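Okay, so here's the structure we're looking at.
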Amino acid sequence: MQVVKTLGQFIIEKQNDFPYAKGELSRLLRDIGIAAKIVNREVNKAGLMDILGDAGTMNIQGECQKKLDVYANEQFISALQSGGECCIVASEENDEFIHIEGEVSKNAKYIVAIDPLDGSSNIDVNVAVGTIFSIYRRKTTEGKATIEDVLQRGTEQVAAGYVIYGSSTMLVYTTGKGVNGFTLDPSIGEFCLSHPEMKIPADGTIYSINEGNYVHFPDGVKKYLKYCQVEDVDTKRPYTSRYIGSMVADIHRNMIKGGIFLYPTTASAPSGKLRLVYECNPMSFIIEQAGGRATDGFERILDKEVVGLHQRSCIFIGSENMVRKVEELMKEFSPRQGADKVEAKLEDLGVIGGID
Ligand code: P6P
């Protein structure tokens with residue numbers, strides 16, 4: 001009989017991978033798992049509750065917040081506050097990061113960056129959505145944690161994960177020693193190990209991109225799309241185009257089957273649409289740990305300097321050989337030279353260029 005291993009059991013078992021760990025990271029991951037189960041309960045019955053639709057508020061991105069965005073944000077912040085292991089929560093839904101105060105958190109040493117409900121515009125049409133989280137260790141050693149503790153490079157993450165609320169609900173995470181996937185068993189209310197040691201195939205035949213932005217793509221991306229569409233039996237082309245419009249769902253599918261997700265620069269997002277802190281860094285950590293690759297076309301995502309909480313980046317992420325092909329074409333057809341790099345940095349900062 002197959003022995004079920006719950007997320008909690010797995011976390012404790014793997015705690016020994018961190019000789020100096022005193023259980024704080026384990027408890028933090030547990031807290032995130034609990035909040036994910038609560039959010040899952042509401043996402044799964046969203047059609048039956050007055051929790052669909054717009055909340056009538058906007059987030060800092062200028063995006064209208066869905067009622068479930070606000071609900072999910074509250075649940076994760078509450079779980080992290082009561083768990084006591086986190087000193088700062090930076091949420092994609094909040095303009096500024098939140099200091100976690102109180103006696104229970106006074107020695108907390110972890111920073112959590114979270115996109116509580118990514119792809120929420122898909123909620124009303126019953127398409128998979130997700131939660132994305134990153135965990136960092138604070139750098140400052142005394143007093144209140146500061147923005148310096150939040151604006152850390154992706155390489156500094158101690159853990160990252162996502163929850164996908166799809167045909168089943170899964171939690172997938174890494175602590176830098178591989179990637180493991182857990183499927184929620186509603187009958188016992190536990191995430192159970194279902195995808196141990198996940199690896200993304202080095203090659204794939206699926207490309208995910210919003211081709212509606214084609215005319216504004218860099219030439220290197222246009223060349224890659226044409227490469228995907230050319231008949232070539234040996235390399236199994238033309239590839240298949242699949243785009244859900246929910247980053248977690250698109251990347252999770254590519255993780256399982258192989259594939260590449262591309263969000264290049266566009267006219268409305270000259271630095272890319274996706275957030276470096278809340279989406280690109282955690283998903284890149286996970287994909288690299290699964291043997292894949294993640295770049296902005298010129299630089300490894302995890303190496304990018306983080307200069308702003310809501311900084312954007314373009315991203316090409318997935319099967320290693322597919323991402324390398326994009327890099328090759330970007331280098332040949334859309335080289336980012338000298339001044340461009342400076343301009344791109346200013347765009348990243350939101351100093352120039354339109355941020356939607
Ligand atoms: P577009 C959802 O809003 C999101 O942040 C990601 O989950 C998704 O991959 C992307 O934006 C979709 O953007 O411009 O194609 O609708």
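Counting starts at 1 for both ligands and their atoms, in listed order. Note that the structure is predicted; figures quoted are calculated from it, not measured.
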Parallel, tilted or perpendicular, as decided by the 30° and 60° cut-offs, for the rings of Tyr243 and Phe261
parallel
Ligand 1 to Asn210, heavy atom cutoff 4.0 Å, flagged ligand atoms 1 (P), 14 (O), 15 (O)
Please lay out, stage by stage, how His195 and Phe182 fare under the test ring-ring contact (aromatic ring centres under 6.0 Å, His included).
CA-CA 6 Å; His195 297 65; Phe182 299 79; 9.5 Å; no
Between Leu274 and ligand 1, which residue portion shows a heavy-atom distance shorter than 4.0 Å: side chain, backbone, both, or neither?
side chain
Lys331 NZ/CZ over Phe298 ring centroid, <6.0 Å and within 45° of normal
no
Going by the order shown, which atoms of ligand 1 are within less than 4.0 Å of some heavy atom of Glu279?
5 (O)
Heavy-atom contacts with Gly245 under 4.0 Å: which atoms of ligand 1 show up? List them by number with element.
2 (C), 8 (C), 12 (C)
Distance under 4.0 Å to a non-hydrogen atom of Met247: what atoms of ligand 1 satisfy this?
6 (C), 7 (O), 8 (C), 9 (O)
What class does the angle between the rings of Phe217 and Tyr214 fall in, given that below 30° is parallel, 30 to 60° is tilted and above 60° is perpendicular?
perpendicular
Ligand 1 and Asp250, any nitrogen or oxygen pair closer than 3.5 angstrom?
no
Any N or O of Asn213 closer than 3.5 Å to N or O of ligand 1
no
Please work out which of the three classes, parallel, tilted or perpendicular, describes the rings of Tyr239 and Tyr227, given edges at 30° and 60°.
perpendicular
Between Tyr207 and Gln229: side-chain donor-acceptor atoms closer than 3.5 Å
yes
Which residue from Lys273, Met283, Arg275 reaches closest to atom 3 (O) of ligand 1 through any of its heavy atoms?
Lys273
If we ignore angles and hydrogens, is there a donor and acceptor under 3.5 Å between the side chains of Asn44 and Asn40?
yes
Polar contact flag for Tyr243 and ligand 1 (N/O pairs, less than 3.5 Å):
yes
Answer yes or no: are there more than 12 heavy-atom neighbours, outside Asp232 itself, under 6.0 Å from its atom CG?
yes
Phe261 N/O to ligand 1 N/O under 3.5 Å
no
Any Ser246 heavy atom less than 4.0 Å from ligand 1:
yes
